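Treat the numbers as computed from the prediction; the structure is a model and nothing was measured.
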Amino acid sequence: MKKFLIFRTDRIGDFIASKIIFESIKSNNNKNTIDVICSNYNQSYLKKYNYINKLIVLDKQNLKNYFSNILKLIDTKYDYLIVLDGKRRSFIYSLFIRSRKKFIIVKNKNLKFLTNLFKYTEFLNSERYSQFKNFIKFLNLIKIKPVTKFNYYKDYKIKNNNILNDKNY
């Protein structure tokens, strides 16, 4: 069993695009735990996934929230910390969290000096390949076998079996 902390503080669509990473981690070993640092935007959506152990909301408008969450996480040790959203605020926040291995997915190499200094493994999210292929390459980097088939809504708890009941459209 391994403990993963994944930063996904962007929008719901970004989580859905990266769902192969979450499902692959869980299918690799069902006892793996996945904690997610999310935003206010995607919190209500992410909490409906069964395989997410814990959600920590990172409210960029609330400095008190930053510090209280760091204090909650400071005693927890993770096997893998993955800054999946590539945001600088997530990188800075992740510096205070203990983990055996730290990864950051970036679109350019602007953070190279800092990622080397703090011993992060950097993965370049290349525009030459689709997001799906980039995520499969990332899974290979962390030695997690990618799932071959997956359903974007697997493990999603839908109220009353009708997805339209969750939101007013």
Side-chain angles (χ1 to χ4, degrees), residues 1-39 41-43 45-58 69 73 76-157:
M1 176 187 106
K2 293 187 174 140
K3 289 180 73 169
F4 290 81
L5 178 64
I6 300 176
F7 283 77
R8 192 83 258 194
T9 64
D10 33 22
R11 305 285 178 144
I12 294 168
D14 297 307
F15 169 76
I16 292 171
S18 63
K19 196 163 175 320
I20 187 169
I21 292 175
F22 292 83
E23 282 200 24
S24 297
I25 289 169
K26 207 58 177 168
S27 71
N28 190 280
N29 182 344
N30 200 34
K31 293 183 180 180
N32 285 343
T33 60
I34 303 172
D35 294 347
V36 178
I37 295 187
C38 65
S39 66
Y41 296 116
N42 60 14
Q43 172 192 16
Y45 183 78
L46 268 65
K47 72 180 175 187
K48 295 179 182 174
Y49 279 94
N50 295 327
Y51 53 74
I52 295 177
N53 180 50
K54 182 174 24 172
L55 284 176
I56 299 111
V57 178
L58 187 61
N69 282 333
L73 290 170
T76 308
K77 185 164 183 187
Y78 290 94
D79 295 301
Y80 292 89
L81 182 147
I82 303 168
V83 181
L84 193 55
D85 58 18
K87 302 210 181 293
R88 275 182 279 182
R89 70 172 178 256
S90 297
F91 172 71
I92 292 166
Y93 192 85
S94 72
L95 294 173
F96 300 98
I97 300 168
R98 295 182 315 153
S99 176
R100 280 190 322 110
K101 296 182 180 186
K102 292 186 176 190
F103 297 90
I104 185 166
I105 295 179
V106 295
K107 289 194 178 199
N108 54 44
K109 300 245 179 198
N110 289 345
L111 295 175
K112 188 74 172 162
F113 172 74
L114 289 174
T115 56
N116 286 341
L117 180 67
F118 292 105
K119 296 184 171 93
Y120 281 71
T121 301
E122 201 174 73
F123 179 81
L124 184 61
N125 190 355
S126 169
E127 296 288 327
R128 292 191 332 201
Y129 303 106
S130 68
Q131 281 289 76
F132 189 78
K133 284 185 181 179
N134 282 329
F135 291 146
I136 288 175
K137 288 181 180 191
F138 176 72
L139 286 166
N140 290 327
L141 173 71
I142 64 172
K143 296 178 178 36
I144 297 282
K145 183 180 177 191
V147 291
T148 54
K149 293 182 184 177
F150 76 99
N151 176 346
Y152 282 102
Y153 290 101
K154 179 184 177 202
D155 296 322
Y156 184 76
K157 297 176 238 170

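The salt bridge (charged side-chain N to carboxylate O under 4.0 Å, His left out) search around Asp10 returns Arg8, not counting sequence neighbours. Applying the ring pair (Phe, Tyr, Trp, His ring centres under 6.0 Å) rule to Tyr120 yields the partners Phe91; only residues at least two apart in sequence or on another chain are considered. Checked against salt bridge (charged side-chain N to carboxylate O under 4.0 Å, His left out), Arg89 has no partners two or more places apart in sequence or in another chain. Arg11 is linked by a side-chain hydrogen bond (donor to acceptor under 3.5 Å, both in side chains) to nothing, counting only residues two or more places apart in sequence or in another chain. Here Asn116 pairs with nothing under the side-chain hydrogen bond (donor to acceptor under 3.5 Å, both in side chains) rule; sequence neighbours left out.
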Side-chain donor-acceptor distances from residues 134-145 under 3.5 Å, at least two apart:
from	atom 1	to	atom 2	distance (Å)
Asn134	ND2	Asn125	OD1	2.6
Asn134	ND2	Ser126	O	2.7
Asn140	ND2	Ile136	O	3.3

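Two residues are said to be in side-chain contact when any heavy atoms from C-beta on lie closer than 4.5 Å; Tyr78 and Lys102 fail this criterion.
Between the CG atom in Leu5 and the CG atom in Asp35 there is a gap of 6.0 Å [rounded to 0.5 Å]. In this structure, CG in Asn53 is found 7.5 Å from NZ in Lys3, a value given to the nearest 0.5 Å. Going from atom CD1 of Ile104 over to atom CG of Leu124 covers 11.5 Å, rounded to the nearest 0.5 Å. To the nearest 0.5 Å, the span separating CG on Leu58 from SG on Cys38 amounts to 8.5 Å. Annotation: the span from Ser27 atom OG to Ile25 atom CD1 amounts to 9.5 Å, rounded to 0.5 Å. A distance of 11.5 Å separates CD1 of Ile82 from OG of Ser94, quoted to the nearest 0.5 Å.
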For this session: For the pair Ile20 and Phe132, evaluate side-chain contact (heavy atoms from CB on, under 4.5 Å) and give the outcome as yes or no after the intermediate values.
Result: CA-CA 8 Å; Ile20 187 169; Phe132 189 78; 3.4 Å; yes
Exercise. Would Val36 and Asn42 satisfy side-chain contact (heavy atoms from CB on, under 4.5 Å), going step by step from the backbone distance to the final call?
Worked result: CA-CA 11 Å; Val36 178; Asn42 60 14; over 6 Å; no
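Relative ring orientation between Tyr49 and Tyr51 is described as tilted, the plane-to-plane angle lying within the 30° to 60° band.
A donor-acceptor contact shorter than 3.5 Å is absent between the side chain of Ser18 and the backbone of Ile21. In this structure, the side chain of Thr121 does not engage the main chain of Phe103 through any donor-acceptor pair within 3.5 Å. Within the 3.5 Å criterion, the main-chain N or O of Lys2 finds a donor-acceptor partner in the side chain of Asn32.
Here the closest non-hydrogen pair linking Asn69 and Val57 is ND2-O, 2.7 Å. Contact between Thr33 and Met1 at its shortest, heavy atoms only, is CG2-SD, 4.5 Å. Scanning both residues, Arg100 and Asp79, for their nearest heavy atoms gives NE-OD1, 3.2 Å. The two residues Ser24 and Pro146 have their closest heavy-atom pair at OG-CA, 3.4 Å. The two atoms that bring Val83 and Ser90 nearest to each other are CG1-CB, 3.7 Å, heavy atoms only.
Checking Tyr41, Phe22, Phe7 one by one against Phe15, the ring-ring contact (aromatic ring centres under 6.0 Å, His included) holds for a single residue, Phe22.
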